[in-house]
Amino acid sequence: MSFSSLGLSEQLVRATTDQGYETPSPIQLQAIPAVLAGKDVMAAAQTGTGKTAGFTLPLLQRLAENPRTGKGPRALILTPTRELAAQVHDSVNLYSKYVPTKAAVVFGGVKINPQMMKLRKGVDVLVATPGRLMDLYQQNAVRFNEVEILVLDEADRMLDMGFIRDIKKILALLPAKRQNLLFSATFSGEIRGLAQGLLNNPVQIDVAVRNTTAENVKQSVYSVDQSQKTALLSKLVRDNSWEQVLVFTRTKHGANRLTQKLEKDGITAVAIHGNKSQGARTRALAEFKQGQVRVLVATDIAARGLDIKQLPQVVNFEMPNVPEDYVHRIGRTGRAGESGHALSLVSADEGKMLAGIEKLIKKQLPRNEMEGFEPKNNLPLKPKAKADPSKARNRNGGGNGRPDGKPRSFGDKPGGRSGGRSQNGNGQRGRSGQSQSA
Ligand code: AMP
């Protein structure tokens with residue numbers, strides 16, 4: 001299947017050839033014809049799947065098919081962070097090389113005046129973070145009456161970052177008749193709610209992780225009190241000689257705390273989350289990849305798009321709020337024929353989250369207890385048998401399993417081949433410029 005057979009014009013196909021793309025990625029195969037047909041789209045896709053070209057190429061074609069009438073914008077692409085906005089804008093510029101489309105990007109944390117001047121000159125495609133876009137609207141620098149196509153990119157992250165009110169305000173200002181494209185890595189209840197009010201009979205595309213988990217990922221649960229989790233994790237890392245383990249926490253403070261405690265315990269660890277500068281993240285990742293650091297502690301948002309190859313071991317130090325995140329997390333291990341192990345440390349107060357995950361993956365995870373770490377408060381559905389710690393050691397033993405070394409390709413899940421984008425979770429909230437949680 002080629003780009004031209006998807007119905008794209010010669011100019012747009014030429015732009016993809018210039019980029020060295022040979023064949024469309026799975027999301028492009030599905031999204032391009034749907035968008036060209038004028039349909040609304042709801043896509044579960046992460047960074048690295050080629051989603052940007054998936055919506056940009058057909059969007060450009062639709063704009064080129066109808067001559068413009070005013071000063072636009074005719075297509076509005078909302079993104080959570082300024083880094084993503086800048087990258088999407090770069091992509092729009094690359095793909096629109098041979099079509100007469102004007103694109104602009106606006107985001108917070110920089111002067112607003114140059115952005116106002118740019119908008120005054122007229123623009124076809126506007127890439128924006130929600131906060132700054134609302135500021136520009138309130139200052140009469142942008143109007144939405146010509147918007148024909150709306151794209152919400154990384155919608156889940158936008159909601160995580162508290163943009164829902166801005167998004168709702170913007171939606172209320174757009175012409176009712178328009179095409180809507182929603183891209184999100186996960187589909188929580190909140191995203192589904194947003195989608196329901198936004199999308200009209202959408203084509204649903206899913207190239208992200210399925211809600212079933214890979215056969216070759218061994219999943220287990222240790223029932224343990226919250227206060228004992230760090231000590232248990234230290235023990236597991238030591239006893240099993242894990243040399244490279246990705247550990248998930250729910251919050252960035254939790255990630256920092258855990259990292260410090262592990263370090264105190266003599267286990268090298270770094271945290272990666274939205275409060276870290278890009279430089280600090282890049283350094284942390286490099287140290288982890290080179291084996292200088294055994295434990296990488298990450299929040300869900302920061303981990304998305306992390307360019308790390310398959311890991312033998314993933315630990316959920318805290319269970320994710322959104323069950324789909326569990327599937328993304330454990331998708332980090334056990335890929336490409338390698339066996340992996342995803343282990344969750346679950347305290348009694350997380351029982352509900354565990355139940356939500358088990359409902360999603362349609363199976364009950366075996367519960368274990370570690371001798372010396374038996375919880376005071378049991379999880380619902382208490383395990384019948386206690387785990388044999390020696391077995392645990394054997395099962396994961398050696399810990400010398402390194403990533404498989406194979407490159408990630410389209411359709412792999414989750415994460416991305418580019419890997420850079422989602423590391424930029426320190427995106428600034430357009431309006432306030434304050435750092436976001438990730
Ligand atoms: P995205 O998921 O949009 O962030 O894209 C991930 C990376 O894949 C970007 O660096 C794109 O330039 C690249 N890419 C997009 N489409 C293709 C394709 N069909 N073939 C090869 N690379 C692609």
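Excluded from the calculations below are hydrogen atoms, water molecules and symmetry mates; all remaining heavy atoms, backbone and side chain alike, are included. Whatever order the structure lists ligands and atoms in, that order sets their numbers, starting from 1.
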Part of Q19 within contact of ligand 1 (heavy atoms, under 4.0 Å): neither
R14 charged N/C atom sitting above Y98 aromatic ring, 6.0 Å / 45°: yes
Among G50, G54, S91, A45, closest by any non-hydrogen atom to atom 1 (P) of ligand 1: G50
Non-hydrogen atom of K51 closer than 4.0 Å to ligand 1: yes
Ligand 1 contact on F3 by region, counting heavy-atom pairs under 4.0 Å: side chain
Close approach, T23 and ligand 1, non-hydrogen under 4.0 angstrom: yes
Sidechain-backbone polar pair: K71 side chain, V123 backbone, donor-acceptor under 3.5 Å: no
Residue pair Q292 / T268: nearest heavy atoms and the distance that separates them: O-OG1, 3.7 Å
T52: numbered ligand 1 atoms lying under 4.0 Å from its heavy atoms: 1 (P), 3 (O), 4 (O)
Whether F3 and Y21 hold their rings parallel, tilted or perpendicular, with breakpoints at 30° and 60°: tilted
Near-ring test F317/F248, centroid separation under 6.0 angstrom: no
